[in-house]
Amino acid sequence: MIAYIQSLLSEILRDMSLELSDFTVEHPSNPEFGDVSTNIALKLAHVLKKNPLLIAEDLRKEIEARQESIIKKIECVPPGFINFFVADEFYQSMVERLINEGSNFMKPTREGKKVQIEFVSANPTGPLTIGHGRQAVLGDTIARIFEWYGNDVTREYYFNNAGRQMQRLGESVYARCKQLLGEEYPIPEGGYEGEYIKEIAQEYLKEKKNVLPKNPLDEDIINFAADRIFSMIRETLKRLGVIHDVFTNERDLYTEGKIDEVLSILRKKGYLYDKDGAIWFKATLFGAEKDRVFVKRSGEPTYRLPDIAYHREKLLRGFDVIIDIFGADHHATYPDVKAGLEAMGYDTSKIIVLLHQFVTLTRDGKLVKMSTRKANFVTLDELIDLVGPDVVRYFYLIRSMDAHLNFDLELAQKESDENPVFYLQYAHARMSNILKHSQQKGIDYYLDGDIHLLSEPETLDVLKVAAEFGEVMEVCRRTLEPMHLTTYLQKLATTFHKFYATHRVVTDDLLLSKARLKMVYAIKTLLAEALGILGVTAPDVM
RNA sequence: GCCCCGAUAGCUCAAUUGGAUAGAGCAACGGUCUUCUAAACCGUAGGUUACAGGUUCGAUUCCUGUUCGGGGUACCA
């Protein structure tokens, strides 16, 4: 609807040979101001140096002359808004569209881009935390939004299985093994102390028949631990419906010479220099305060170099859109990666970096400090155990990325039967139940129902919300914030519950019953579709 | 010091590229089940949008400054 009015207005502007791009067309919050409203006359007033109300009147005549019967009334209101009242038929037609188009309802033509989304990317040193969970759900849902638009999406997980962290992991397992064998052996400084390390140690001893390698840093033990932890991580993600297509590890970048390639390109272009035994990158040429070390005196690269090599690979793999999802603590690292890529001559405009704020966890009103090393965290798995995957997913999506997410453990548990996600699912279950009930009442077909009978305000409100679906998806697509879909669904469910409370669907009036059943069926399709984009199930019975 | 994010109802948060009377949920209080699920609906109450300026027809939104939180600012990742 907004798009329709927008194009109508643009057409008129063109015919008047006027240029104006920053006018808005939107749904006003107050229904008195119509279904759609525009400030175009207010904006034109500046250009034309004329009273906005007079401009509005002129525009109204133009619009009325051009439009089809979709708009039933146009009003011009001070200070110069033009308000549109849409004909009921337009909203009623949503029912037909939903039934005919199904999951393609309001879907634009297939975009067909190659999209890559990197998210989670936790190194395999321990179970996923609640912080990782936010990223997992956010990334997956953004992926689903891109898929809805008909893009080819690759979900990717990048990890480092070679660094110092992994050595500490190996040492920690080694120490636990020693302890299990009855020896005094301390957990190394900065090692991992979680219970899962003991379990891995037990498994390792069992598999190796109690024979340990001589060296605590032995690759075998590190790889064993990493494999175990990785399968834990995958299992956890799977519970949330998150499945990565590609796992890329940092070690391969070394063995395949990708790191050296980056260094030699940058060297050749003159962006590297040696100082104090280290290799430095001229980051100041790209706006940084200081130059950055790329290779330490010890010969090891800093984290920036593999990150750059990895992103170069992404660009070379031919993606049209590359999205990185990181926690807020990464905000300083991306500019260096971008600078490195630009120094090599790559176009970084395809890369979108999304930073989400942290997740804090409170228990009994107190902040729970989370550290993987100390293992005093609540794991993502435990959270899923507590409230179930649907609630976890929905809670993570309900906030914008820029907002801190406070997860109150008590509340998450207590709310599990009085929760916003159940509100949505309940609406869906109600719809299913109505349809089931109608069959029991002997109404075996209702898709021939007459949509023109859907004329009460509560009924039309549901259809009006349905008509906004495409616009909401657009907002999600533009802002990459799935949160907008959650607020939309809340609205859809509210209007439906209200309709349900006011009007009985199945009555003695067969014609009216059929019309309403048809609508219920259509809205159920929409609700299920939208819940699916969020990765939340749509139950038929609750 | 510098950079990023935030500050809106008692609590957790919205407000779709600057719009008209700032909205939900939870918590509080009151009402609604003989009828398709009361996990619902209706109503009441709750606000100087952190503070001070500025930009304009119009600011929660944009700009400047201040205060308070969170995160960064490594030859850690």
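All chains are named by letter (A, B, ...) in the order of the sequence lines, taking the proteins before the strands, and each is independently numbered beginning at 1.
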Practice task
Toss me the dot-bracket line for RNA chain B: Watson-Crick and G-U wobble, both under 3.5 Å, 5' to 3', using | for pairs to another strand and [ ] for crossers.
Solution key: (((((((..((((.....[...)))).(((((.......))))).....(((((..]....))))))))))))....

Handout entry: Pair A:K73-A:D35, salt bridge (Lys or Arg N to Asp or Glu O under 4.0 Å): steps then yes or no
Key = CA-CA 10 Å; A:K73 191 172 67 173; A:D35 298 304; over 6 Å; no

Exercise for the section: Test ring-ring contact (aromatic ring centres under 6.0 Å, His included) on A:F281 and A:F286 and set out the steps. Expected result: CA-CA 10 Å; A:F281 170 64; A:F286 299 88; 5.8 Å; yes

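- A gap of 15 Å separates the P atoms of B:rC5 and B:rA14, to the nearest Å.
- On the C1' atoms, B:rC3 is 43 Å away from B:rA45, given to the nearest whole Å.
- Counting only heavy atoms from C-beta outward, the side chains of A:I279 and A:Y273 never approach each other to under 4.5 Å.
- With rounding to whole Å, A:H330 atom NE2 is found 15 Å from B:rA74 atom P.
- A donor-acceptor contact closer than 3.5 angstrom links the side chains of A:Y423 and A:T494.
- At whole-Å resolution of the value, NE2 in A:H331 and C1' in B:rG71 are 6 Å apart.
- Applying the salt bridge (Lys or Arg N to Asp or Glu O under 4.0 Å) definition to pairs two or more places apart or across chains, none involves residues 279-290 of chain A.
- Between A:D58 and A:K50 a salt bridge is recorded (basic side-chain N to carboxylate O distance below 4.0 Å).
- In terms of the side-chain hydrogen bond (donor to acceptor under 3.5 Å, both in side chains) criterion, residue partners of A:S121 (sequence neighbours excluded) are, by chain and number, A:E118.
- The base of B:rG19 sits within donor-acceptor range of the side chain of A:N39, with an N or O pair under 3.5 Å.
- Nucleic acid contact class of A:A429 (heavy atoms, under 4.0 Å, all strands): base.
- Closest approach to the A:H27 side chain among B:rG71, B:rA38, B:rU16 is made by B:rU16 (side chain taken as heavy atoms from C-beta onward).
- When heavy atoms are screened at a 4.0 angstrom cut-off, A:K290 is found touching the sugar-phosphate backbone but no base atom.
- Contacts of A:N83 with the nucleic acid, taken as non-hydrogen atoms under 4.0 Å apart, include base atoms.
- The nearest whole Å value for the distance from the CZ atom in A:R504 to the P atom in B:rC41 is 18 Å.
- Where stacking is scored as ring centres under 5.5 Å apart with planes under 30°, A:F81 does not register as stacked on the base of B:rG19.
- Taking the C1' atoms as reference points, B:rG18 lies 7 Å from B:rA59, given to the whole Å.
- Among the protein residues, A:D307 comes within range of no part of the nucleic acid, since none of its heavy atoms lies under 4.0 Å from any strand.
- For A:V506, taking side-chain heavy atoms from C-beta onward, the closest of the listed nucleotides B:rU17, B:rC36, B:rA39 is B:rC36.
- Contact check of residues 457-479 of chain A against RNA chain B (heavy atom, cut-off under 4.0 Å) returns A:V475, A:R478.
- The pair A:R267-A:D274 meets the salt-bridge criterion, with a side-chain N (NZ, NE, NH1 or NH2) lying under 4.0 Å from an Asp/Glu carboxylate O.
- With no hydrogens or angles considered, a side-chain donor-acceptor pair links A:H497 and A:R430 at under 3.5 Å.
- Going from the P atom of B:rC62 to that of B:rA7 covers 10 Å, rounded to whole Å.
- Side-chain contact check for A:Q165 versus A:L169: every heavy-atom pair is 4.5 Å or farther apart.
- Atoms NE2 (A:H437) and P (B:rC36) sit 6 Å apart, rounded to a whole Å.
- A:V541 comes within 4.0 angstrom of a nucleotide base, judged by non-hydrogen atoms across all strands.
- Note: CZ (A:R297) to P (B:rA74) measures 16 Å, nearest angstrom.
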Tabulated below should be each protein N or O lying under 3.5 Å from an N or O of nucleotides 9-13 of chain B; please produce it.
from   : atom 1 : to     : atom 2 : distance (Å)
B:rU12 : O2'    : A:R399 : NH2    : 2.9
B:rC13 : OP1    : A:H404 : O      : 2.9
B:rC13 : O2'    : A:R399 : NH1    : 2.6

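- Residues from residues 30-38 of chain A with heavy atoms under 4.0 angstrom of RNA chain B, sorted by number: A:N30, A:E32, A:F33, A:S37.
- Here the P atom of nucleotide B:rA40 and the NE2 atom of A:H428 are 17 Å apart, to the nearest Å.
- Summarising the geometry, the separation between CD on A:Q490 and P on B:rU16 is reported as 18 Å, rounded to the nearest angstrom.
- In this pair, A:F230 and A:F159 present their aromatic rings perpendicular. The plane angle is above 60°, beyond the 30 to 60° band.
- Nucleic acid contact for A:Y303: base, since at least one base atom lies under 4.0 Å from a heavy atom of the residue.
- In this model, no donor atom of one side chain and acceptor atom of the other lie less than 3.5 Å apart for A:Y394 and A:N419.
- Look at A:K524 and you won't find any side-chain N or O under 4.0 angstrom from OP1 or OP2 of B:rC36.
- Both A:D329 and A:F499 sit near RNA chain B, but only A:F499 has its closest nucleotide nearer the 5' end.
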Exercise for the section: Could you check A:D324 against A:K314 for salt bridge (Lys or Arg N to Asp or Glu O under 4.0 Å), going step by step and ending with a plain yes or no? Expected result: CA-CA 11 Å; A:D324 290 334; A:K314 292 191 196 189; 2.7 Å; yes

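- To the nearest angstrom, C1' of B:rA24 lies 14 Å from CG of A:L489.
- The side chain of A:Y334 places no N or O atom within less than 4.0 Å of a non-bridging phosphate oxygen (OP1 or OP2) of B:rC3.
- Nearest to the side-chain atoms of A:P79 among the listed nucleotides B:rA38, B:rA77, B:rG19 stands B:rG19.
- No side-chain N or O of A:Q439 forms a donor-acceptor pair with one of A:D444 less than 3.5 Å apart.
- Taking the P atom of each, B:rG25 and B:rU21 are spaced 23 Å apart, rounded to whole Å.
- Side-chain contact check for A:Y158 versus A:V120: every heavy-atom pair is 4.5 Å or farther apart.
- The side chain of A:K498 places an N or O atom within less than 4.0 Å of a non-bridging phosphate oxygen (OP1 or OP2) of B:rC42.
- Closest approach to the A:T333 side chain among B:rA77, B:rA20, B:rC75 is made by B:rA77 (side chain taken as heavy atoms from C-beta onward).
- A salt bridge is absent between A:E75 and A:R60; no separation between the charged side-chain nitrogens and carboxylate oxygens falls under 4.0 Å.
- Nearer the 5' end of RNA chain B, as judged by each residue's closest nucleotide, is the contact made by A:S29, out of A:S29 and A:A278.
- Between B:rA38 and B:rU44, the distance separating the two P atoms is 23 Å to the nearest Å.
- Glycosidic conformation of B:rC5: anti, with the torsion beyond 90° of 0.
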Exercise for the section: Show the numbers, then the answer: is there a ring-ring contact (aromatic ring centres under 6.0 Å, His included) between A:W148 and A:F469? Expected result: CA-CA 13 Å; A:W148 189 82; A:F469 178 65; 5.6 Å; yes

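- Taking every side-chain heavy atom of A:Y500 into account, B:rA38 is the closest of B:rA38, B:rA14, B:rG19.
- Here the nucleotide nearest the side chain of A:R304, chosen from B:rG72, B:rC42, B:rA74, is B:rA74.
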